[in-house]
Engineer: 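Sharing a structure below in structure tokens format, with a few things to ask.
The structure displayed is predicted, hence computed values, not measured ones. In listed order, ligands and their atoms are each counted from 1.
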Amino acid sequence: MAHQWRGVIREYFDRLDVDASTPIITLGEGGTPLIEAPALAKLVGAAQVYLKVEGMNPTGSFKDRGMTMAVSKAVGHGAKAVICASTGNTSASAAAYAAAAGIASVVLVPEGKIALGKLSQAVAHKAQILQVQGNFDDCLDLSRGLADNYPVHLVNSVNPDRIEGQKTAAFEVVERLDRAPDIHVLPVGNAGNYSAYFKGYLEEFNRGIIKTVPKMWGFQADGSAPFVYGTPVKNPDTIATAIRIGNPASYELALSARECSLGMFGSVTDAEILWMHRFLSQEVGVFVEPSSATGAAGLLKQSRAGEVPADSVIVVTVTGHGLKDPMWALKTESGEEIVPTIVPNNAAEVAERLGLA
Ligand code: AN7
């Protein structure tokens, strides 16, 4: 039989904190495409730019890599329920993996601030969903308190199993390129993913597989940029709801990753995020959710500042699928709604409308 990708735990069994007694709860996550994006390379003036397309994971975001680990370990410890705070994607993933494991899931989300696709996933997978009158940071405080005091297992990225699973994306990049990129770019919220990639690259470096680690470049939205301001943001605000996070859970881990990799953090405006969201759909052919365009938007800003060396090989992680939050594609740059033209069922008129006649 042809080989099918077996999910990150089986594919990287020896490099994760698991053993033969760990039950493996998988939906076949990981093994996502690393695609070359010449239009983006040209735009930013780099030799090569690749996108690591994490929207191709089973629930449409990178969260599945960490969730297979977190839920497997939770089940191994006898958990009957998992809990998380989420801006949307973590809840979709937790709900799906809990369903696969046959256990319950509870998700706390900021009221009115998660994208419809993500909410529908949590509902579809039968999570108990509570909309909290507060932001993500409040939801995380609540989840931690509940997991400390009640029989529910926390699967946010403060749980190290999540970071372990997510580091596998860096392994895949190295396998595909046969080297480390010069720069690895990604959007940053809690900075769990930023920290996880660096951990993955560092492990590859320590095994002697790569000779250098990439500079880690992380980008936030201007209204929600604690890494840039150097202090938590009380009322984070951005249209990129996935990264609307003011008090990042992996703050210290990410600061050390930046330092060790000679990397940086920056921020971009919502308008820059939406411009790049459109560019990736229209010129590269990859439809991502707005938050996922934040890394590439930051890379462009760095390029305009003269900070992107022309000979560099760059990987940009695009974290979530465009169908998660599709409404942004249906608006013009100035915010007007796009409605496709209606035509009669008549070839001559259709040809005329298409400018073919
Ligand atoms: C598409 O789902 O925090 O810096 O609760 O959904 O590791 O937090 C999502 C984060 C980037 C930021 N892109 O990653 C959640 C959540 C997308 C995301 C991030 C998120 P981290």
Side-chain angles (χ1 to χ4, degrees), residues 52-57 59-67 70 83-96 107-110 113-115 117-119 121-122 127 129 132 135-140 142-143 154-159 162-163 165-167 169 184-200 216-221 224-227 236 238-251 253-255 257-258 265 267 273 277 280 287-298 316-325 328:
K52 182 67 170 155
V53 185
E54 289 290 275
M56 295 298 281
N57 276 295
T59 77
S61 86
F62 72 97
K63 302 287 183 182
D64 296 339
R65 293 177 184 277
M67 207 54 76
I83 187 169
C84 67
S86 182
T87 57
N89 280 324
T90 299
S91 62
S93 188
V107 306
L108 304 182
V109 299
K113 292 291 184 187
I114 88 165
K118 304 173 189 180
L119 187 65
Q121 288 179 289
I129 305 166
V132 176
N135 59 32
F136 168 85
D137 306 299
D138 303 319
C139 294
L140 184 57
L142 271 173
S143 297
L154 188 68
V155 294
N156 278 109
S157 58
V158 291
N159 175 340
R162 284 275 313 281
I163 306 286
Q166 285 174 210
K167 78 182 179 188
H184 192 113
V185 182
L186 67 180
V188 168
N190 275 307
N193 212 27
Y194 181 96
S195 307
Y197 270 90
F198 183 67
K199 184 167 197 285
M216 299 294 301
W217 286 9
F219 294 96
Q220 307 199 281
S224 181
F227 281 104
T238 167
I239 59 98
T241 53
I243 54 170
R244 189 171 165 272
I245 293 168
N247 189 15
S250 294
Y251 196 77
L253 260 185
L255 286 188
R258 174 181 67 180
F265 292 111
S267 68
I273 292 171
H277 173 253
L280 293 176
F287 187 29
V288 302
E289 59 174 288
S291 310
S292 300
T294 305
V316 181
T317 298
V318 284
T319 43
H321 204 287
L323 293 174
K324 294 266 189 182
D325 197 1
W328 298 101

Engineer: Could you pull out all residues at least two apart from Asp325 that satisfy side chain to side chain donor-acceptor pair (under 3.5 Å)?
Structural biologist: Trp328
Engineer: Find the distance between CG (Leu186) and OG1 (Thr319) and round it off to the nearest 0.5 Å.
Structural biologist: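 That separation rounds to 8.0 Å.
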Engineer: Could you verify whether a donor N or O on one side chain and an acceptor N or O on the other, from Asp64 and Ser93, lie under 3.5 Å apart?
Structural biologist: yes
Engineer: Answer yes if the side chains of Gln121 and Lys324 hold a donor-acceptor pair under 3.5 Å, and no otherwise.
Structural biologist: yes
Engineer: For Lys118, enumerate each residue passing the salt bridge (charged side-chain N to carboxylate O under 4.0 Å, His left out) test, keeping only those at least two apart in sequence or located in another chain.
Structural biologist: Glu289
Engineer: Show the distances, to 0.1 Å, for all pairs joining an N/O atom of ligand 1 and a protein N/O atom that are shorter than 3.5 Å, listing one pair per line.
Structural biologist:
from	atom 1	to	atom 2	distance (Å)
ligand 1	2 (O)	Ser86	OG	3.1
ligand 1	2 (O)	Thr87	OG1	3.4
ligand 1	2 (O)	Asn89	N	3.2
ligand 1	2 (O)	Thr90	N	2.7
ligand 1	2 (O)	Thr90	OG1	2.9
ligand 1	4 (O)	Gly189	N	2.7
ligand 1	4 (O)	Asn190	N	3.2
ligand 1	4 (O)	Ala191	N	2.7
ligand 1	5 (O)	Ser86	OG	3.0
ligand 1	5 (O)	Thr87	N	2.8
ligand 1	5 (O)	Thr87	OG1	3.4
ligand 1	5 (O)	Thr90	OG1	3.3
ligand 1	6 (O)	Asn89	ND2	2.7
ligand 1	7 (O)	Gly192	N	3.2
ligand 1	7 (O)	Asn193	N	2.8
ligand 1	8 (O)	Asn190	N	2.8
ligand 1	13 (N)	Thr319	OG1	2.6

Engineer: Quick one: list whatever passes salt bridge (charged side-chain N to carboxylate O under 4.0 Å, His left out) with Lys52, sequence neighbours left out.
Structural biologist: Glu172
